[in-house]
Student: 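First the structure, then my questions, so here it is.
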Number of protein chains: 2
Amino acid sequence: MTDKDVRCAVPCKNKCPCMDRCPLGSALRIIGGKWKLPILCALHQDGTTRYNELKRKIFGITNTMLASSLKELEEDGLIVRRQYMEMPVRVEYALTGVCDDLMPILKELAQWGVRVHKEEI
Amino acid sequence: MTDKDVRCAVPCKNKCPCMDRCPLGSALRIIGGKWKLPILCALHQDGTTRYNELKRKIFGITNTMLASSLKELEEDGLIVRRQYMEMPVRVEYALTGVCDDLMPILKELAQWGVRVHKEEI
DNA sequence: CGGCATCCAATAGGATACTG
DNA sequence: CAGTATCCTATTGGATGCCG
């Protein structure tokens, strides 16, 4: 992702939720894509979870997508990966503190989604 | 978009911001894509705006993308299109009431984006 | 002026098989 | 068990030109 892509195409002033160098765009890219929300939701519901347990819970996800999504979420600081040197190896994933702040916002957005859906009927 | 796509892959209980039949996913799809936020931001900053004025303000957007994005936003009830039968024709776009509720949420999400960005340094 | 139609490029996502 | 590697498909976005 280049610097240009992070910037909102519109030169935002403080009225705009995008602000100047759009952290809103960044936020949406971090939680965007097909599997990020399902992963965050699973970890939010059940807490610390192992790789294959996640794979079973998130219906339809492949190894490719689960592994790459987990890696991105970890790089973005939303989850932590803990590996235990047992045999066979055990790897656990859990939400970090930044997600504690994210979840209430997503809940508001979900409620907005409900309203939008109703108004279009 | 099929019904299956709207449903969160994880069977959510009320702890989860996704809830059961994920309106959060719907919300993110509505404002997702490359140009939706820039368009919403432009209309939020400057109010009612004409088609070609939007095109000038949103740097890099093509007719194809502007027209299709505007159509989707209108179908989702986020903007209104008003056409005046003058010569040449005048078409204006403006945000609707649902956006008044959306903007404060996006502002929170933007602030969260700032925090996430800082923590990863 | 405000678009739409057509075609093309880029990226996201999926299937399958294999490994430390 | 927890992933990679490779290849393939689908969706998204862009370029160009035309039209009422």
Side-chain angles (χ1 to χ4, degrees), chain A residues 1-2 4-10 25-26 28-39 42-43 48-76 79-94, chain B residues 1-2 4-9 25-26 28-40 42-43 48-76 79-94:
Chain A
M1 176 170 41
T2 68
K4 185 171 167 291
D5 291 324
V6 178
R7 184 188 306 271
C8 182
V10 176
S26 306
L28 288 176
R29 265 187 298 277
I30 287 173
I31 63 172
K34 186 167 180 181
W35 299 106
K36 298 290 184 67
L37 284 181
I39 292 172
L43 293 174
T48 301
T49 310
R50 297 178 64 161
Y51 181 90
N52 272 325
E53 213 180 330
L54 277 175
K55 198 180 161 194
R56 274 189 301 275
K57 286 179 182 174
I58 302 171
F59 182 76
I61 199 168
T62 61
N63 274 327
T64 317
M65 291 313 295
L66 180 54
S68 71
S69 300
L70 286 171
K71 182 169 283 183
E72 287 178 20
L73 287 171
E74 195 197 2
E75 285 170 357
D76 290 327
I79 65 176
V80 279
R81 176 185 186 276
R82 276 187 290 261
Q83 179 169 346
Y84 299 91
M85 283 312 173
E86 306 167 352
M87 191 57 78
V89 292
R90 186 168 102 240
V91 177
E92 293 182 342
Y93 292 91
Chain B
M1 176 170 44
T2 68
K4 185 171 166 291
D5 291 324
V6 178
R7 183 188 306 271
C8 183
S26 306
L28 288 176
R29 266 186 297 276
I30 287 173
I31 63 171
K34 186 167 181 181
W35 299 106
K36 298 289 184 67
L37 284 182
I39 292 171
L40 293 177
L43 292 174
T48 302
T49 310
R50 298 178 64 161
Y51 181 90
N52 273 324
E53 212 179 331
L54 277 175
K55 198 181 161 193
R56 274 189 300 274
K57 286 180 181 174
I58 302 172
F59 182 75
I61 199 168
T62 61
N63 273 327
T64 317
M65 291 313 295
L66 179 53
S68 71
S69 300
L70 286 171
K71 181 169 282 182
E72 287 178 21
L73 286 172
E74 194 196 3
E75 285 169 358
D76 290 327
I79 65 175
V80 279
R81 176 185 187 277
R82 277 187 288 260
Q83 178 169 347
Y84 300 91
M85 284 312 172
E86 307 168 352
M87 192 56 78
V89 293
R90 187 169 100 238
V91 178
E92 293 181 341
Y93 292 91

Student: In whole angstroms, how far is the P atom of D:dT12 from the NZ atom of B:Lys71?
Tutor: 16 Å
Student: With axes from five pairs an end, tell me the bend angle of the helix from C:dC1-D:dG20 to C:dG20-D:dC1, nearest 10°.
Tutor: 50°
Student: Would you compute the distance between atom CD of B:Glu74 and atom CG of B:Asp76 and round it to the nearest 0.5 angstrom?
Tutor: 10.0 Å
Student: Below 3.5 Å between N/O atoms, which protein atoms pair up with nucleotides 17-20 of chain D? Just atom names and distances, please.
Tutor:
none

Student: Just how far is it from atom OG1 of B:Thr48 to atom OH of B:Tyr93, taken to the nearest 0.5 Å?
Tutor: 12.5 Å
Student: Could you check whether any side-chain heavy atom of B:Lys55 comes within less than 4.5 Å of a side-chain heavy atom of B:Ile61, counting everything from C-beta outward?
Tutor: yes
Student: To the nearest angstrom, how far is A:Leu70 atom CG from D:dT4 atom P?
Tutor: 10 Å
Student: State whether B:Glu53 and B:Lys57 are salt-bridged, where the test is any N-O pair (Lys NZ or Arg NE/NH1/NH2 against Asp/Glu carboxylate O) under 4.0 Å.
Tutor: yes
Student: Please name the pair of heavy atoms, one in A:Leu28 and one in B:Leu28, separated by the smallest distance, quoted to 0.1 Å.
Tutor: CD2-CD2, 3.6 Å
Student: Looking at B:Arg81 and B:Glu92, is there a salt bridge between them, counting it only when a charged N and a carboxylate O are closer than 4.0 Å?
Tutor: no
Student: Expressed in angstrom and rounded to an integer, what is the separation of A:Arg82 atom CZ from D:dA2 atom C1'?
Tutor: 17 Å
Student: For D:dG14 and B:Trp35 - does any side-chain N or O of the residue sit under 4.0 Å from the phosphate oxygens OP1/OP2?
Tutor: yes
Student: Restricting to non-hydrogen atoms, name the atom on A:Ser69 and the atom on A:Trp35 that form the minimum distance, rounded to 0.1 Å.
Tutor: OG-CB, 4.0 Å
Student: Just N and O in the side chain of A:Arg50: are any of them under 4.0 Å from OP1 or OP2 of D:dC1?
Tutor: no
Student: Whole angstrom is fine here: how far is it from OH in A:Tyr84 over to C1' in D:dG3?
Tutor: 18 Å
Student: Got a second to check how far A:Arg82's CZ is from A:Arg50's CZ, nearest 0.5 Å?
Tutor: 13.5 Å
Student: Write down the atom of B:Leu73, the atom of B:Ile30, and the distance for their closest heavy-atom approach.
Tutor: CD2-O, 4.2 Å
Student: Using whole Å, what does the distance between atom P of nucleotide D:dG14 and atom CZ of B:Phe59 come to?
Tutor: 12 Å
Student: What is the separation between atom CG on A:Leu66 and atom P on D:dT4, rounded to the nearest whole Å?
Tutor: 10 Å
Student: Is the closest side-chain heavy-atom distance between A:Leu54 and A:Leu70 below 4.5 Å?
Tutor: yes
Student: Find the distance A:Lys34:NZ to D:dT11:C1' and express it as a whole number of Å.
Tutor: 11 Å
Student: For a quick test of reading the model, state the closest non-hydrogen atom pair linking A:Gly32 to A:Lys36 and the distance between them.
Tutor: O-CG, 2.9 Å
Student: Give me the first and last nucleotide of DNA chain C, going 5' to 3', that has any atom under 4.0 Å from a heavy atom of chain A.
Tutor: C:dG13 to C:dT16
Student: For the pair made of CE in A:Met85 and C1' in D:dG3, what is the distance, rounded to whole Å?
Tutor: 13 Å
